Trainee: 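Dumping the structure here so I can ask a few things about it.
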Number of protein chains: 2
Amino acid sequence: MMDKPDKDFDTAASSAERPTLKTIAFMTGLGITTVSRALKDAPDIGHETKERVRLVARQIGYQPNRAGVRLRTGKTNVISLVLSLEEEIMGLTSPLVMGISEILAGTPYHLVVTPYRTANNPLDPIRYILETGAADGVIISRTEPRDARVALMMERNFPFVTHGRTVMGLEHPFHDFDNERFAYEAVRKLAERGRRRLMLLEPPPHLTFNVHMRTGFERGVRDFGGTIIPFSQVNLDSSLPDIRAACERVMQSSDTPDGIVSGSGSGAVALIAAVEGSGRRIGHEIDIVSKEPSTFLQWLRPEVSTMREDIRLAGRELAKAVIGRIDGRPASELQTLSYPIPTD
Amino acid sequence: MMDKPDKDFDTAASSAERPTLKTIAFMTGLGITTVSRALKDAPDIGHETKERVRLVARQIGYQPNRAGVRLRTGKTNVISLVLSLEEEIMGLTSPLVMGISEILAGTPYHLVVTPYRTANNPLDPIRYILETGAADGVIISRTEPRDARVALMMERNFPFVTHGRTVMGLEHPFHDFDNERFAYEAVRKLAERGRRRLMLLEPPPHLTFNVHMRTGFERGVRDFGGTIIPFSQVNLDSSLPDIRAACERVMQSSDTPDGIVSGSGSGAVALIAAVEGSGRRIGHEIDIVSKEPSTFLQWLRPEVSTMREDIRLAGRELAKAVIGRIDGRPASELQTLSYPIPTD
DNA sequence: CAAACCGGCTGTATCGTTTCAGTATAATCG
DNA sequence: CGATTATACTGAAACGATACAGCCGGTTTG
């Protein structure tokens, strides 16, 4: 039967097993406590001892057991990226994840993706994280002006950062793209081409950047002249076929635009299809300015004027901000804005 | 100074703190062990007792402490998605992550994104996970025919799934898109339009699906007739400007194609730009067939024939496969293929 | 009728780490 | 010189969960 496994020769120095503090303690002849404190550079450990411990630790490739640390201290070394499962529509998740990962790679933090269905309460994942202590910090997007998630995490004093700003008189870390500027510059471009009847494919109304983009748009129209063609039946969250259909309807109405601003690259695709479907040619009867995440439009429709939003950068900034917050830096130092990048 | 925190009224039943087994044990009057075993539906616990425990647990919203479980059992409840930081190029990370999350949402598993730089050894993240026991299962992509990561994980008998197949006589879980079929059908389409001088923008040579796609392409050319215009200076990993430049060169040479197959949507964009830049019109002097991840091309260049690859589905299949493997199901049951989706 | 068995429950040890409250030795002080 | 203090180190307890080896009262068995 020979069932008894010949374990427990692991008094300390076994080689196959993963090294722990105990292993180092045995090898150096020190106590576990001493090793622990030496590795954290505590002031009450002798200099030479620290050196010795560090050397051994490096040699045997010691890495603290995450479960042990987490159980004892509550520190998870996890950053949670909270995403709507439907977010894909905008396809901006890839670069965001990459940007975050890039920063986290140099830290002990792991990135955990925590999804939720927009149908459900977006507070659910936040509650989960708060209640179970699943992460040390959270990154959220689709930020609303009065965002319940922000309120909740502020109240609990939990480190987080938002992709997008809020309007609730609470100081918290954020990174945002200057959508107001984008829209303003977009209108300027259209005006320069003599366009006067302007239309905006806007962000979903409940999200903060809806206000920003519309503000920029309206300010542009005011400053550069023109009229606004309403187009609020659809928004950037609408399906592309819906956007296309809505745009086709407008193009067949009596009140048609000669300039369109699109808040996203994929939205622009639908608009282009609709516009061209109506027999109009971009650059001739009508102009379009779009935000472009990658390099698509620029090549397929050079007539469409674009400005880039660097989402990977956003990821990096967001990661730096949460970590900053976890490290106790004040929120006011962790608020950054990025600007439209010209794509000539 | 009133510094002493009034903790430790937590003998068991405190309400603010997160409930543990101890809490339930106190409330039910049972031992901690009993509660633990009752919740796992162990056979040696009375029926009524189980009911009682379950009821209380549900009432107070008990959730096992992950660190506790992990420390004791080694079970992490983590699935690690190992990604190249440069993978973004193909932009397929979003839907992949969404698909995986969708499945994981119904399980205790969390999704951790583990990045690496392609410059470094792709084995690094695998070694890290293996050595630190950072996950219960791994999902890898950019699979090679003789993939060292696969060999390593098989040897250690560690649960994983590959996005793409290998050719090393080892039976392991995978999900793959039938790129051979895709290329074959692509050639068929071109042939139907009378195209005879065919060119393929192929996957990176070291990845398995390079072989698949080329096999399908070559089989198609053989079956439907035509000649192959070599185009191996660039591949799907090349930058779009590089692809464009290479394609422009070909279009100016004496040996020009009249039909092109593109292994990716973004690659197609570069090809289109080059082709049109050379004065040729798609659908007239030349035809292009492309794989399309989203709905872009179809609308901007309806002349380009496309077939969709459902990456979100891939994410779902991959997630199901790792979990299956973790649950001990044989690899042979966890191998799936998905097929090109016509985009009419 | 003692022995074996069974159902249902529980105490203890353990995973790896950190915190707390020390201890031992040597140096400093009045 | 005894008492204080600093320096360098250490054992025990705890975080929450699970595996293991019991325990106890009652029934079956030979």
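Please read these numbers as outputs of a predicted model, since none were measured by experiment.
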Trainee: Could you check whether the side chain of A:R72 and the base of C:dT17 have a donor-acceptor pair of N or O atoms closer than 3.5 Å, going by distance alone?
Mentor: no
Trainee: Tell me yes or no: between the side chains of B:H172 and B:T166, is some donor less than 3.5 Å from an acceptor?
Mentor: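 Distance-only check passes for B:H172 and B:T166.
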Trainee: Mind checking if A:L30 touches a base, just sugar-phosphate, or nothing, with heavy atoms under 4.0 Å?
Mentor: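 Contact class for A:L30: sugar-phosphate only.
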Trainee: Could you tell me whether the phosphate oxygens of C:dT17, OP1 or OP2, come under 4.0 Å of any side-chain nitrogen or oxygen in A:T73?
Mentor: no
Trainee: Within the modelled atom types, does a donor on one side and an acceptor on the other bring the side chain of B:N65 and the base of D:dC15 under 3.5 Å apart?
Mentor: no
Trainee: Give a yes/no on whether any side-chain N or O of B:K40 is located under 4.0 angstrom from OP1 or OP2 of D:dT18.
Mentor: yes
Trainee: Looking at D:dC9, C:dT17, D:dT18, which one has an atom nearest to any side-chain atom of A:Y62?
Mentor: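 When the side chain of A:Y62 is considered, C:dT17 is the closest of D:dC9, C:dT17, D:dT18.
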Trainee: Say whether B:S94 and A:S94, considering side chains only, have a donor N or O and an acceptor N or O under 3.5 Å apart.
Mentor: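 Side-chain D/A pair, B:S94 to A:S94: present.
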Trainee: Measure from the side-chain heavy atoms of A:T33 and tell me the nearest of D:dC9, D:dA12, C:dG8.
Mentor: D:dA12
Trainee: Under 4.0 Å, counting only non-hydrogen atoms across every strand here, what does A:T20 touch: a base, just sugar-phosphate, or nothing?
Mentor: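 Answer is sugar-phosphate: A:T20 comes under 4.0 Å of backbone atoms only.
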Trainee: Phosphate oxygens OP1/OP2 of D:dT18: is one of them under 4.0 Å from a side-chain N or O of B:S36?
Mentor: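 So the side chain of B:S36 is within the cut-off, an N or O lying under 4.0 Å from OP1 or OP2 of D:dT18.
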Trainee: At under 4.0 Å between heavy atoms, what does A:T34 touch on the DNA or RNA strands: base, sugar-phosphate, or nothing?
Mentor: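 Touches a base.
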Trainee: Rounded to the Å, how far apart are B:D41 CG and C:dG8 C1'?
Mentor: 15 Å
Trainee: Measure CG/B:N77 against P/D:dG16 and give the value in whole Å, please.
Mentor: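 Whole-Å distance recorded here is 18 Å.
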Trainee: In terms of side-chain heavy atoms of A:P64, which of D:dC9, C:dT17, C:dC9 is nearest?
Mentor: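 It is C:dT17.
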Trainee: With a non-hydrogen cut-off below 4.0 angstrom, is A:G68 in contact with a base, only sugar-phosphate, or nothing?
Mentor: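 Base: the residue A:G68, judged by heavy atoms under 4.0 Å, touches a nucleobase.
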Trainee: From CG of A:L21 over to P of C:dT19, roughly how many Å is that when rounded to an integer?
Mentor: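 Taking atom P of C:dT19 as the reference, CG of A:L21 is at 12 Å.
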Trainee: Thinking salt bridges, do B:E144 and B:R149 make one under a 4.0 Å N-O criterion?
Mentor: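 Here B:E144 does not pair with B:R149 in a salt bridge, since their nearest N and O are not under 4.0 Å apart.
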Trainee: Judged by modelled atom types alone, do B:D136 and B:T76 share a side-chain donor-acceptor pair under 3.5 Å?
Mentor: yes
Trainee: Quickly work out the A:K22 NZ to D:dG11 P distance and round it to whole Å.
Mentor: 13 Å
Trainee: Salt-bridged, A:R127 to A:E131, with N to O below 4.0 Å?
Mentor: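 So A:R127 does not pair with A:E131 through a salt bridge.
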Trainee: Distance check needed: C:dG8 P versus B:H47 NE2, whole Å only.
Mentor: 11 Å
Trainee: Nearest-Å distance, CG (B:L71) to P (C:dT17)?
Mentor: 9 Å
Trainee: What's the NZ-P distance between B:K75 and D:dA19, to the nearest Å?
Mentor: 12 Å
Trainee: In whole angstrom, give the distance that lies between atom CD1 of A:I24 and atom P of C:dG16.
Mentor: 13 Å
